[in-house]
Amino acid sequence: MRVRDLPLSAALVSHYESNGIEELYPPQAAAVEAGVAAGGRVVAAIPTASGKTFIAELAMLTADGPALYIVPLRALAREKYETFDQLPGVSVGISTGDFDAAEEELGDHDIVVATSEKVDSAIRNGAPWVERLACVVVDEVHLLGAPGRGPTLEVTLSTLQRRVPDLQLVALSATVDNPEAIADWLDAELVESAWRPVSLRTGVYADESVEFDDGTDLDVVVPPTGPNDDEATEATVALVEDAVETGGQCLAFVRSRREAEALADRLADEDLSPAPALGDELDELGGTATGRQLSECARTGVGFHHAGLRSAHRVAVENAFRDRRLAVICATPTLAAGVNVPARRVVIRDQKRYTGDAMEWIPVLDVHQMCGRAGRPHLDPFGEAVLVGDADTKAELFDRYVTADAEAVDSQFADPEALRTHVLSVVASGFADSLDGVADVFSATYYAHQNPNVDLAELVAEVVSDLEAMELLDVTGETLSATTLGAQTSRQYVSPTTGARIVSGIRTIETMADDRVTARTALEVVCDTPDMHDTYLGNQERAQMYQYARSHAAEFTTAMHDADPFEEWLTAVKTARILHEWTEGSDIEELVERYRIGPGDVESRVERAEWLLGAADALCAALDADVPEFREVRALLSP
DNA sequence: CAGTTATGATTATAGACAGCATGTC
DNA sequence: CTATAATCATAACTG
């Protein structure tokens, strides 16, 4: 099947042809046969880089009206926005929390790219453009099974289906174990394929040799390891070097941030692919210890990438790799889920990760996503993914990751926190006003589809009493209605637990003497919510943080003997303290040094605090209370 | 005894969505 | 429970 045979305008056809796209890839052709270009609903469970974007574009361009493209990450939203913006005669908009086009303009675009939370929020707040959509494409639908964020996605999709009856839905999924369940739920045709434009061989390393799934082998010379050398690391170094020496780029995945940096340092010794200019450019992005370490590695062609990096650094590393200025990136699993960064070879040194109480195997899906980064279309003759193991683990790694299917996608909607959030939002946005009404709205969720025998009304009833106790919901007879607080909580997009915590904080503040209410008070309230991620409190710091908490006890809304659990509260105090010092003019470098967190962590906490302080201010208005500190601190956070 | 090394104990561990209203080169 | 590397504290040891 050829592009020119598709129902596309001449301008589009020539756009594709000038980009070398003339003949459709088999999965793309299958999607066309399933009806993507004719308004049909399709779920495509196919590998990364096998042309998903083109399938999405086909659906959106042939749809009879505006289209929405839903992504899980802001960075992906930007990437897709730029891709779609290249299409001739197509106007593209973008809407994410940190980057928003004006609301009324959104409806005027042919394509809008947005994160799933942003779409959920737009639906809750009755954005008019939602009703006019003709086509919705969901990228990475398998995240339906992600705890925390999966429920938002399923509620969003089920609501979209209900609100826009003739909507064309197209869902793009990684290869998972039960794509038919997703297709069935969305009433869509399933297109499944393992085809890739660049062949990929996956293998396991052990004893100086890699055995691949296609029967081929690769011998690797690993210099004898000294007493201080780690065998897996030295094998990884050898595999990376080999890839670079034969003209390819390489991604190396490890377990923790520190190990990503350590591996990059180790590889920097080999001086694989000098790039001194890149080092200078990175130095200009600002100097934290992490930043300087990054620029030093980069001079030798090696970068590292993890969430502790400031986002400017992360983007710089991604771009440098895409431009082939970096030969290697040592990364934590972030990189596998993010923007498109393909490489000739992918080396996965660690397959286990510490989860809090045990060492656990990384999900098969995550490992497959990492492997899927191997092979650059048009640039590499093939891609290679290597799991580093040893003689003892080789067979197990093969079974578990190379030949095995990824996990099934299961709904996480029954999680009480998720249920509370969505029950409140359904009632607050006026979609239902009774137990049965809410249950009816939820009957279209993936959860209901997967669990047909569960009594949804019963499930809803369990959390309705929580929400009532939190004063977010009123129950009068059979009728449910959101309180002013509940409405504001939903609109501000904070979780019910966060809303209730802020409200109780505001009430306590009103009983406090004026001179006790300070910036620390405001920060303690917002940091002590589940929507603010906590900051690791080391044992070394603990005693000193305890002292800090004691000496400022009068300023906090939580009495120390009431804090429960105390350790979590102390963690919140640490976050509040960091943010407080930030407002007092400390720069990232000082904070990173003093509190042992990454520059990127400071950045993300500041961003979240801005959002939560805004929500606190809105809740103040709903309570008819006045706590100017929320506004004042917020103003100090952004420079 | 002072300084050095060996041994054992402790510590820490991936990621990241959302509101809203002004001001600015 | 199924980990491991880096760091820290203390004990053992050497000259």
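Just so we're on the same page: letters track the sequence lines, and every chain starts at 1.
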Provide, to the nearest angstrom, the distance between the [atom1] atom belonging to [X] and the [atom2] atom belonging to [N].
X         : N       : atom1 : atom2 : result
Leu76(A)  : dA18(B) : CG    : C1'   : 17 Å
Arg400(A) : dT2(C)  : CZ    : P     : 15 Å
Leu637(A) : dA21(B) : CG    : P     : 18 Å
Glu610(A) : dG23(B) : CD    : C1'   : 14 Å
Leu335(A) : dA16(B) : CG    : P     : 11 Å
Asp265(A) : dA6(C)  : CG    : P     : 11 Å
Glu261(A) : dA6(C)  : CD    : P     : 12 Å
Tyr493(A) : dA16(B) : OH    : P     : 17 Å

* To do: Check every strand shown and say whether Thr152(A) touches a base, only sugar-phosphate, or nothing at a heavy-atom separation below 4.0 Å.
  => nothing

* Please work out if Leu73(A) contacts a base, only the sugar-phosphate, or nothing of the nucleic acid, heavy-atom cut-off 4.0 Å. => sugar-phosphate

Say whether [X] and [Y], considering side chains only, have a donor N or O and an acceptor N or O under 3.5 Å apart.
X         : Y         : result
Arg542(A) : Asn539(A) : no
Thr48(A)  : Arg373(A) : no
Trp611(A) : Gln492(A) : no
Ser425(A) : Ser490(A) : no
Ser411(A) : Glu154(A) : yes

* Inter-residue atom distance Arg266(A).CZ - Thr236(A).OG1, 0.5 Å rounding -> 10.5 Å

* Using the ring of Tyr595(A) (Phe, Tyr or Trp, six-membered ring only), decide whether Arg577(A) places NZ or CZ under 6.0 Å from its centre and within 45 degrees of its axis. => no

* Structure fact -> Any stem touching DNA chain B, meaning at least three consecutive Watson-Crick or G-U pairs under 3.5 Å, ordered by first number, would be B:1-13 with C:3-15

* Asked: With respect to the phosphate group of dC17(B), does any side-chain polar atom (N or O) of Arg608(A) fall under 4.0 Å of OP1 or OP2?
  -> no

* With a cut-off of 6.0 Å (strictly less than), are more than 12 heavy atoms of other residues, nucleotides or ligands near CZ of Arg310(A)? -> yes

* Looking at Phe413(A) versus Phe442(A), is the centre-to-centre ring distance below 6.0 Å? -> yes

* Considering only atom P, compute the distance from dA5(C) to dA14(B) and round it to an integer number of Å. => 15 Å

* Asked: Base, backbone or nothing for each nucleotide of nucleotides 10-15 of chain B, written B, S, -, heavy atoms under 4.0 angstrom, 5' to 3'?
  -> -SSBBS

